[in-house]
Amino acid sequence: MRFGIAGAGFSGAVIARELAEAGHEVHVFDTRDHVAGNCHTERDPETGVMIHRYGPHIFHTGNERVWSYINRFGRMMPYNHRVRTTVGGRTYLLPVNLLTINQLFGTALRPDEARAFIDEQADHTIEEPANFEEQALKFMGRKLYDAFFHGYTRKQWGLPPTQIPASVLKRLPLRFSYEDSYFNHPYQAIPKDGYTAIVEGILDHPGIEVRLGTPFPLGERSRFDHSIWTGQLDAWFGHEFGHLRYRTLDFEEIRAKGDYLGCPVMNFGDIDVPYTRIAEHKHFAPWEEHEGTVCFREYSRLAEEGDIPYYPIRMTTDKTLLTRYLDAAREEPDVTFVGRLGTYRYLDMDVTIAEALTAADGILEAIDRSEPIAPFFVDA
Ligand code: UDP
C-alpha cells in the first residue's frame, strides 16, 4: 500500500519505519526544514553545544520495547536529570524530596517523620481532587504547594491552578528520601548525537521518502491509500469548529563562559519572575566539554496563529471542542491520527514512540485482515 504521513517527528518516523519494513511505500512530509519535530537538536556553531531547539527533551522510560527500539538508531548516553528551583531568594531541590521539605520547614526530619508531618499538612477534606490545586493540597498541603507549584503553574499555564487538570501534577513525584533524580524510570538517557540524528536514522529506509519544507498535500490525499496525520487534529479539519488551544514558549538566549547555572535546569517559582525556567544545554551532555555555554530562559504564553504549539491546554472548553473533533475524526475515512498534536495530549517521548508502535501494529493487522484501518489506536 502507499501511505502519506504528515509530520517527521517521533510519531511519523516510527510509523513510517514500521510500515516500510513491512514492505509498504511511505511518503513523509514536514513543513519544517528538519526532522524530529519539537525534539530537534542541533550543534551551536559558536560553542559546539548540542542545543535542544524547542526546549529540553530528556528521554526516560520503563518500556522495554521502546528502550530497545530507540537504541537501534543511535547511542543513548546514561543521563540522570536533576532540576533545582529558586523561590523567595532561595534555591531548593526538585522534585520535592526530603531535603526540599527539611529546607523549606527548617527541620531535620527522617523519612517516617516527614511522611507523618506532611500528612498533617495535607488537606484531608478533599476526597476526589478535581483540579491541580486540590491534588496538590490533598497530598502536600498549602506551604509546599504555595512555594513550589502555585506560581510556576500559574506562569506555565496562564490560568489559576484550580482550572488545570489534576493529571498535570501527577507527572511529578513527592519523595520521602534524599533521592533527587527528576524521573523514576529505570532508563534515562540522551542521544550522544542528538535526537535529530536518531529520527534521521529511523527514517533512513529505502521504502521511505521524506520531503522537508513541504506541507502534507491535503487536497491530493487520494494519492495515498491511507494517511497518517501527526499534525494538529483540528488543522486536518481546517479548524472547522474552532481552534484547540496550546501554550507556546518564547526562548531568550543567554551566552556566557564556563558554567552559568551549575545544573541543567533551574525553575523559578516566584510569580513576579516572568520566565518559568532556565535551561543550560551543555549540562544535557555531561560527557562533552565546552568552554562557552548557551542557556535559554523560557516564557510561556497562549499560542496564537502561526506560533509553535507546545502544551495542549485541555481545559473544559478545549475538551468540549476536542470531543467534536474526535467524533469527526472517527467518521473520517482513510486517515489515522496519532501523537501529541494528532490526539491533543501532553505526551512524553517514550509514550509517543510506544503509541506509534501500537498504531503501526494495528495498521498492519488491519491490512492483514483486509479490514478498514482505525482512525485512532489510543483512547484520545
Ligand atoms: N510544576 C510546578 N513547579 C515546578 C515544576 C513543575 O508547579 O517547579 C508543575 C507545572 O504545572 C508543570 C507540571 O508540574 O506544568 C509538569 O512539570 P514538568 O517538569 O513535567 O514539565 P515539562 O518539563 O513537561 O514542561
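When a ligand or atom number is given, it counts from 1 through the structure's own listing order.
A salt bridge links D361 with R65; the closest basic N to acidic carboxylate O contact falls under 4.0 Å. Electrostatic pairing of R245 and D318 counts as a salt bridge here, judged by a charged N lying under 4.0 Å from a carboxylate O.
Listed by chain and residue number, H281 satisfy the ring pair (Phe, Tyr, Trp, His ring centres under 6.0 Å) test with F296 (two or more places apart in sequence, or in another chain). In this structure E18 satisfies the side chain to side chain donor-acceptor pair (under 3.5 Å) test with no other residue, sequence neighbours excluded.
Using a 4.0 Å heavy-atom criterion, the residues that approach ligand 1 are L94, F132, F148, F149, Y152, T153, Q156, W157, V168, R171, L172, Y182, N267, R277, Y311, Y346.
Nearest heavy atoms, R314 versus K319: NH2-CE, 3.7 Å.
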Distance-only criterion, 3.5 Å: show the donor-acceptor pairs between side-chain atoms of residues 160-169 and protein atoms not counting sequence neighbours.
none

